[in-house]
Protein chains: 2
Amino acid sequence: MVRDVINLKSKQERSEETKKNILNAAKKLFMTYGYESVTIRQIAKEAGCSHTAIYLYYKDKESLLHHLVMPLLQLLSQQMKNIIQLNEMDDWTKLKRLCSSFITFCLHHKSMYSTFMTASASRVDEEDPRLQINNVRIEIFQLLMQTLENALGLSDPRQSLAFARVLFYNLHGVISTYIDNKEPLEDLTERLSSTFDLSVEAMLLGLREIKKQGGKKDESRTNF
Amino acid sequence: MVRDVINLKSKQERSEETKKNILNAAKKLFMTYGYESVTIRQIAKEAGCSHTAIYLYYKDKESLLHHLVMPLLQLLSQQMKNIIQLNEMDDWTKLKRLCSSFITFCLHHKSMYSTFMTASASRVDEEDPRLQINNVRIEIFQLLMQTLENALGLSDPRQSLAFARVLFYNLHGVISTYIDNKEPLEDLTERLSSTFDLSVEAMLLGLREIKKQGGKKDESRTNF
DNA sequence: TTATATTATAACCAGTGGTTAGTAACCAAT
DNA sequence: ATTGGTTACTAACCACTGGTTATAATATAA
């Protein structure tokens, strides 16, 4: 049972290699051109197989993306946890660092971000990648909310939720404004990072102000 | 030269009617199902013509959308101007009303909003609807920026621009979070309008705070 | 060597937005 | 009434998409 070591592989090796080639090709192309622009046939060409071979290993095009997204989301989550665990940093600064880091990461991984944002709360079975993505999404949201609570001294869970949601809108607004931007990320960041920071700073200061005024917002609403 | 008045039309009348039918069908379907989900063949069926007849009157599917979007954008612009001209309202309240109204309008017209957000600054000729859309987009941005200047007493044009941009991120974040939401708008608004208002309030208070602290943000940045 | 299982491709499918070719009907000139 | 030109309109066609089904190639076990 000696195989010719030049280029013959066992069936298992071939299938595993093909599977990996497909995923790597998809990763490369999605990162370069964005998920929607990339066709299955392009991925197949890059992977060196037929476009229909892809369906032997992955359910569909979207499934490819999900397989790529989970590790990235876990990386993001871990990155955020690392920031939170920095002991020499106060909560306010942690919160700002979290937001800034979130924006940068998501702009680096735009397809991932689109999946992150569209994974819905639909009822899916345990194996469905969307459920897993949704779980990480919730985890990330919780990390942000908790740090927000700490930084602003929030105690009402409903207020925490509203504040965190609003902060998420803000981050989402920044990221999604540039999600289809074709400019190199370095140029974009150089041009706009101070504006991104301004956005985060303003939102956090505003939330702190509302916390300080505790309930004044509702009164101003009544006076309409 | 007496035409049978029952149902025969001149060529001109027929073409005008077909053109209008196409536009109305597109409007109805885009509003119901969203631009991306609607096919040319669906529009044709609704309009009572062949799908290729559409290309006699409109350059492509996107052109249809642009023809529908311009009146809406002008309506939005006018609505904002009306708010700005309310004399019995202070600038701060105007600004909040502008933002709130912008969010509501855009959530009512989601396809319009997508076009508004993606009309790029690409070099296009004078007749191109994208240029016109971009012009209205700039106009709307200017209205917001001017009201922001008045409400916060801003005098540095670069600061005004940054603040307005940040405010736009925020509005965009709110709207785009729900742009694909299938829930009836009344339900959505009932559930979340206080959160939308919170988002706007926080951003405006934060920007005001930064204005008050004038430059403190840059110092805190240096202390990283 | 043969049979079987697995990897992989080719052929096929329904559908998309859009282009080109063809037809019917209107309209003006003779 | 006839003819030619123009226009409204449709049918046929195109390249392409994501995905399904049928077929071929190859490894492996008996």
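Because the structure is predicted, anything quoted here is derived from the model rather than measured. Naming convention: chains lettered A, B, ... in sequence-line order (proteins, then strands); numbering from 1 in each chain.
No close placement of the F30(A) and H109(A) rings is indicated, their centers lying 6.0 Å or farther apart.
At whole-Å resolution of the value, CD in E13(A) and P in dA27(D) are 11 Å apart. Protein atom NZ of K45(B) is 15 Å distant from nucleotide atom P of dG17(C), rounded to whole Å. Taking atom NZ of residue K19(B) and atom C1' of nucleotide dT7(D), one finds them 15 Å apart after rounding to whole Å. Separating the CZ atom of R41(B) from the C1' atom of dG17(C) is a distance of 7 Å, rounded to the nearest angstrom. For the pair Q42(A) CD and dC16(D) C1', the interatomic distance rounds to 11 Å; values are reported in whole Å. Between the P atom of dT16(C) and the CG atom of D60(B) lies a distance of 17 Å, rounded to the nearest Å. Rounded to an integer number of Å, the gap from NE2 of H51(B) to C1' of dA8(D) is 16 Å. Atom pair L56(A):CG and dT20(D):P shows a separation of 12 Å (rounding to whole Å applied).
Ring geometry for H67(B) against Y58(B) counts as perpendicular: the plane angle is over 60°, on a 0 to 90° scale with 30° as the lower cut. Ring orientation note: the planes of F141(B) and F168(B) are tilted relative to one another, at an angle of 30° to 60°.
Nucleic acid contact for I54(A): none, since no nucleic acid atom lies under 4.0 Å from a heavy atom of the residue. Across all strands shown, Y57(A) has heavy atoms under 4.0 Å from sugar-phosphate atoms exclusively, and none from any base. Backbone-only contact: I40(A) has heavy atoms under 4.0 Å from sugar-phosphate atoms and none from a base.
Within the structure, a side-chain polar atom (N or O) of R14(A) is placed less than 4.0 Å from OP1 or OP2 of dA8(C). Phosphate contact (OP1/OP2 of dA8(C), side-chain N/O of S50(A), threshold under 4.0 Å): absent. Contact annotation: S10(B) does not reach the phosphate of dC26(C) (side-chain N/O to OP1 or OP2, under 4.0 Å).
Checked options I103(B), L185(B), L188(B), T189(B); the residue passing with Y178(B) is L188(B) (criterion: side-chain contact (heavy atoms from CB on, under 4.5 Å)). Applying the side-chain contact (heavy atoms from CB on, under 4.5 Å) test between L29(B) and each of L64(B), T39(B), V38(B), N24(B) identifies V38(B) as the sole match.
Residues C49(B) and K61(A) each lie close to DNA chain D; by heavy-atom proximity, the contact nearer the 5' end of the strand is made by C49(B). Comparing Y55(B) and Q12(B) by the nucleotide of DNA chain C that holds the closest heavy atom to each, the one mapping nearer the 5' end is Y55(B).
Between the OG1 atom in T104(A) and the CD atom in Q79(A) there is a gap of 8.5 Å [rounded to 0.5 Å]. For the atom pair CG of L154(A) and CD of Q146(A), the computed distance is 12.0 Å after rounding to the nearest 0.5 Å.
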N/O contacts under 3.5 Å, protein versus nucleotides 21-25 of chain D?
none

